[in-house]
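Here is the structure we will look at, set down as structure tokens.
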Amino acid sequence: MSVLSFWTGLIALVLLVVLVRHQQRQRSARQPGMRPERRNEPAYVASTKPVTHQAANIAVNRAETRTKTVYTTEEVSRHCTRESLWLIIDGRVYDVTSYVDHHPGGDAIFRNAGRDSSAGFHGDQHPEKVNEIIPDFYIGDLKQ
Ligand code: HEM
């Protein structure tokens with residue numbers, strides 16, 4: 001066998017293998033029951049990390065922010081319980097319901113529940129990091 005025909009044969013063989021594998025893949029993608037691990041593969045890989053209260057709250061807040069962004073003091077005042085706690089801080093409205101159980105200062109967070117909590121929020125008891133936490137709970141502004 002000449003060197004040329006050896007290489008030609010080898011290339012033809014590789015092409016044949018590639019073609020057969022390609023056809024097999026196409027067929028298995030169409031037929032039910034074949035390669036289920038592939039057909040059922042999600043378009044994304046869901047994170048295995050547990051969804052934290054805060055992360056869930058951010059999503060809820062974003063949804064609320066889209067539908068309504070301005071609240072009256074009367075509306076805010078209705079959210080003054082553990083089931084729904086809103087606070088006004090510097091003219092902005094925050095739904096901190098999901099934070100209540102994590103608040104290091106305990107139920108003191110209810111002192112001005114549904115009302116203006118700016119003074120308390122800016123109190124000495126709070127570390128700088130509260131300013132990083134609070135935007136997660138923002139749902140809108142107070143009607144002027
Ligand atoms: C977004 C996060 C937070 C919000 C909205 C918030 C809100 C509040 C409010 C409204 C009060 C009542 C203040 C008053 O009227 O006297 C309070 C008290 C307090 N907070 Fe926070 N807080 C937050 C985070 C934190 C953090 C991270 C800490 C500590 C690391 C903390 C520690 C305290 C303490 C020690 C008190 C006073 C408790 C008392 O007087 O018995 N808070 N907080």
Side-chain angles (χ1 to χ4, degrees), residues 4 6-144:
L4 187 65
F6 169 77
W7 282 110
T8 314
L10 191 66
I11 290 167
L13 190 68
V14 169
L15 284 176
L16 190 70
V17 170
V18 169
L19 187 72
V20 168
R21 294 208 61 177
H22 177 69
Q23 280 182 334
Q24 274 178 344
R25 256 188 223 144
Q26 276 194 329
R27 214 175 302 135
S28 66
R30 277 196 304 267
Q31 284 177 12
M34 292 286 283
R35 292 174 68 104
E37 77 284 0
R38 257 289 161 90
R39 289 188 305 105
N40 294 335
E41 229 168 59
Y44 62 92
V45 178
S47 167
T48 51
K49 282 185 195 161
V51 177
T52 62
H53 257 73
Q54 199 161 317
N57 188 273
I58 294 167
V60 171
N61 284 351
R62 289 209 179 117
E64 274 197 61
T65 307
R66 273 199 301 272
T67 51
K68 187 161 198 186
T69 54
V70 177
Y71 301 96
T72 62
T73 45
E74 198 275 323
E75 245 174 320
V76 178
S77 71
R78 278 186 253 134
H79 301 267
C80 57
T81 65
R82 200 170 289 279
E83 284 65 48
S84 184
L85 177 63
W86 291 10
L87 303 179
I88 299 164
I89 299 168
D90 303 332
R92 292 183 169 192
V93 182
Y94 299 90
D95 177 354
V96 294
T97 312
S98 65
Y99 187 71
V100 168
D101 290 340
H102 307 278
H103 183 227
D107 283 359
I109 199 168
F110 285 98
R111 240 167 239 165
N112 286 293
R115 291 178 298 169
D116 197 311
S117 299
S118 308
F121 182 77
H122 294 299
D124 289 342
Q125 78 280 8
H126 283 147
E128 267 294 300
K129 76 168 181 182
V130 291
N131 295 308
E132 291 164 29
I133 303 171
I134 199 68
D136 290 351
F137 304 99
Y138 173 70
I139 55 169
D141 295 327
L142 191 67
K143 194 173 179 191
Q144 294 304 316

**Message:** For a 4.5 angstrom cut-off between non-hydrogen side-chain atoms, does V130 reach H122?
**Reply:** no
**Side-chain donor or acceptor of S84 paired with backbone N/O of H79 under 3.5 Å** = no
**Message:** Just so I know, are the side chains of N112 and L87 near enough to count as touching, which here means a heavy-atom distance under 4.5 Å?
**Reply:** no
**Prompt:** Is a side-chain N or O of Q144 found less than 3.5 angstrom from the main chain of G91, in a donor-acceptor match?
**Reply:** no
**Message:** Using only atom types and a distance under 3.5 Å, with no angle test, would you say the side chain of E75 pairs donor to acceptor with the backbone of T72?
**Reply:** yes
**Fill in**
On a heavy-atom basis, the closest approach of D107 and R82 is OD2-NH2, 2.8 Å
**Message:** Within this structure, what is the OG-CZ distance for the pair S117 and F110, rounded to the nearest 0.5 Å?
**Reply:** 11.0 Å
**Prompt:** Could you state the interatomic distance from CG (D136) to OH (Y99), rounded to the nearest 0.5 Å?
**Reply:** 10.5 Å
**Request:** List the atom of G114, the atom of L85, and the distance in Å for their closest heavy-atom pair.
**Result:** N-CD1, 4.1 Å
**Fill in**
Residues V70 and L142: closest non-hydrogen pair is CG1-C, 4.4 Å
**Asked** Is any side-chain heavy atom of D95 closer than 4.5 Å to a side-chain heavy atom of W86?
**Response** yes
**Fill in**
Between the OG1 atom in T73 and the NZ atom in K143, the distance rounded to the nearest 0.5 Å is 10.0 Å
**Message:** Can you classify the ring geometry of H126 versus F121 as parallel (below 30°), tilted (30 to 60°) or perpendicular (above 60°)?
**Reply:** tilted
